[in-house]
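Working notes for the structure below.
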Amino acid sequence: MPRVLRESIESMKKYNWAILGCGKIAGKFSSDLKLLKNANLYATASRSLERAKNFAEEHGYKKAYGSYLELVQDPDVDVVYIATPHSHHMEHSMLCLDHKKAVLCEKALALNAKEVEAMIESSRKNKTFLMEAFWTIFQPKFKKVLELASDPELGQLKFVKSDFMFNPEVDPDKRLYNIELGAGSLLDIGIYPIFRSLVLLGKPTAIKTMPRLLNSGVEESIFMLFDYENGSMASLTSSFAAHSKNETELCFENGYIKFERDHDVPIFLGKNDAEHEIKVDAGPGMGYELEAAHVMECLEAGKIESPVLPLSFSLDLMKLMDAVRKDAGIVFPGRD
């Protein structure tokens, strides 16, 4: 972690963190949270008290609750990390915001733009912090990519090619394949390639998709093509049916940048007829500690919204996801 960031973190007061939803991603987040001296692992909550207690014991939280309402009624909770399925993000975020608890909610922020708009309205009404847990924007590697991409010698960025794939077990009862929980590759991992294109190229003027839908209505794979007014294009893919290097390539008029999702793999810059290998120190954690540190910096400054990842960006991202789903015919029953 950069020395300046570390010093600024250590000068702050301690914040009591709570975990709402004790799944796999919450475990990863908790491991990184321990790296921050001003983050106190305070409480966990699950629909199962036993599950909450087991999670608290495993990761070192002081309290465990068997209901989410009990958690937000605890006066000592400062900020809640929401790690439940996409289908419950709005409900659980609103519960926290209505009890004046700052919220860091896992991506995708909700199922659709209408829900995101309601969450933003609640944040502003309650004057309480809300941010989407999109850790990529805080990663040193992605920051370096943005720095490299701003080099005028590369010329215009003409193509963004990005994919994210892995091949999990098909289980209709679990969130990846359960349509009632917002299943499908798009919201779970397709959001990453879309995020990169939005950051680098802005909003597209046209969208074409080719989805692979299962009989259940769950989208297992999707190919997306974005067109832009300035002549640039993006080719994006997400899938639960195959594995890939999860690589992104940025193709400029005079060069290219290639990078993988893994922290340990260097960035490759093609420029002046040569390829340069650029290594970036990712820090001691997986990267979740950086977004958590930013949340506490915002709270310390009295902000209810991140200047790095504003709610307007999260809304634009979800509107773009809605447009992709509309073109692909992906529907969440009772929520669209």
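All heavy atoms count here, side chains included; hydrogens, waters and symmetry mates do not. What you see is a predicted model; the values in this text were computed from it and never measured. Positions are given from 1 along the sequence.
For Ser46 (side chain) and Ser48 (main-chain N/O), a donor-acceptor pair under 3.5 Å exists by modelled atom type. In this structure, the side chain of Asn112 engages the main chain of Arg335 through a donor-acceptor pair within 3.5 Å. No side-chain donor-acceptor contact under 3.5 Å links Ser93 to the backbone of Met90. Asn16 contributes a side-chain N or O that, together with a main-chain N or O of Asp76, makes up a donor-acceptor pair within less than 3.5 Å. Glu305 places a side-chain N or O within donor-acceptor distance of the main-chain N or O of Leu311, the cut-off being under 3.5 Å. Here the side chain of Asp322 pairs a donor or acceptor atom with the backbone of Ala113 at under 3.5 angstrom. In terms of modelled atom types and a separation under 3.5 Å, the side chain of Ser123 and the main chain of Met119 share no donor-acceptor contact. Checked by atom type and distance alone, the side chain of Asn126 never pairs as donor or acceptor with a backbone atom of Lys100 at under 3.5 Å. Counting only distance, with no hydrogens or angles, the side chain of His89 and the backbone of Ala108 share a donor-acceptor pair below 3.5 Å. A donor-acceptor pair is defined here as one N or O able to donate and one able to accept, closer than 3.5 Å; such a pair exists between the side chain of Asp32 and the backbone of Met286.
In summary, the side chains of Tyr192 and Asn246 do not present any donor paired with an acceptor at a separation below 3.5 Å, with no hydrogens or angles considered. No donor-acceptor contact under 3.5 angstrom links the side chains of Thr84 and Tyr68, judged on distance only.
Nearest heavy-atom pair, Cys96 versus Val103, reported as atom, atom and distance to 0.1 Å: CB-CG2, 3.4 Å. Nearest heavy atoms, Leu154 versus Ala149: CD1-CA, 4.4 Å. For the residue pair Ser197 and Leu236, the shortest heavy atom distance occurs at OG-CD1, 3.8 Å. Taking each heavy atom of Ser244 and Asp163 in turn, the nearest pair found is OG-OD1, 2.8 Å. Among all heavy-atom pairs drawn from Ala118 and Met94, the shortest one is O-SD, 3.7 Å. The minimum heavy-atom distance linking Ala234 with Leu201 is given by the pair CB-CD1, 4.3 Å.
Shown are Leu95, Val77, Thr128, Asp78; of these, the side-chain contact (heavy atoms from CB on, under 4.5 Å) with Lys101 is made only by Val77. If you run side-chain hydrogen bond (donor to acceptor under 3.5 Å, both in side chains) between Ser314 and each of Lys107, Glu132, Lys319, only Glu132 comes through. Results of the ring pair (Phe, Tyr, Trp, His ring centres under 6.0 Å) test with His294 over Phe129, Trp135, Phe138, Phe134 single out Phe138 as the only residue that passes.
Using a 30° and 60° split on the angle between ring planes, His59 and Phe55 fall in the tilted class, from 30° to 60°.
A search for salt bridge (Lys or Arg N to Asp or Glu O under 4.0 Å) contacts involving Asp151 returns Lys271, not counting sequence neighbours.
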- Query: Lys144 and Glu147: salt bridge (Lys or Arg N to Asp or Glu O under 4.0 Å), yes or no, with the steps?
  - Reply: CA-CA 5 Å; Lys144 186 63 177 180; Glu147 177 189 324; 3.1 Å; yes
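No continuous path of hydrophobic side-chain contacts links Phe159 to Ile207 [ILVMFWY only; heavy atoms under 4.5 Å]. Linking ILVMFWY residues whenever their side-chain heavy atoms come closer than 4.5 Å, directly or via other members, places Phe29 and Ile25 in the same cluster.
Annotation for Glu50: atom CD does not count as buried by contact number, only 12 or fewer foreign heavy atoms lying within 6.0 Å. Under a cut-off of 6.0 angstrom, the local environment of CD in Gln156 is crowded, with over 12 non-hydrogen atoms contributed by other residues, nucleotides or ligands. Heavy-atom neighbours of Lys158 NZ from other residues, nucleotides or ligands within 6.0 Å: above the threshold of 12. At most 12 heavy atoms of other shown residues, nucleotides or ligands fall within 6.0 angstrom of atom NZ in Lys303. More than 12 non-hydrogen atoms from other residues, nucleotides or ligands lie less than 6.0 angstrom from NZ of Lys258.
At least one side-chain heavy atom of Arg196 sits under 4.5 Å from a side-chain heavy atom of Phe142. With a 4.5 Å cut-off on side-chain heavy atoms, Leu225 and Asp227 do not count as touching. At a threshold of 4.5 Å between non-hydrogen side-chain atoms, the residues Val116 and Ile120 count as touching.
Aromatic rings from Phe166 and Phe240 are positioned such that their centres are separated by under 6.0 Å. In summary, the aromatic rings of Phe195 and Phe313 are positioned with their centroids under 6.0 Å apart.
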Mind listing the side-chain donor-acceptor pairs of residues 180-188 below 3.5 Å, one per line with the distance, residues two or more places apart or on another chain?
{"unit_1": "Ser185", "atom_1": "OG", "unit_2": "Glu219", "atom_2": "OE2", "d": "2.3"}
{"unit_1": "Ser185", "atom_1": "OG", "unit_2": "Ser238", "atom_2": "O", "d": "3.4"}
{"unit_1": "Ser185", "atom_1": "OG", "unit_2": "Ser238", "atom_2": "OG", "d": "2.8"}
{"unit_1": "Asp188", "atom_1": "OD1", "unit_2": "Arg175", "atom_2": "NH1", "d": "2.6"}
{"unit_1": "Asp188", "atom_1": "OD1", "unit_2": "Arg175", "atom_2": "NH2", "d": "3.1"}

List the atom pairs, donor and acceptor, that lie under 3.5 Å between side-chain atoms in residues 167-174 and the rest of the protein, sequence neighbours left out.
{"unit_1": "Asp171", "atom_1": "OD1", "unit_2": "Asp173", "atom_2": "N", "d": "3.0"}

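We find that Glu220 and Arg212 are not joined by a salt bridge, their nearest charged nitrogen and carboxylate oxygen being 4.0 Å or further apart.
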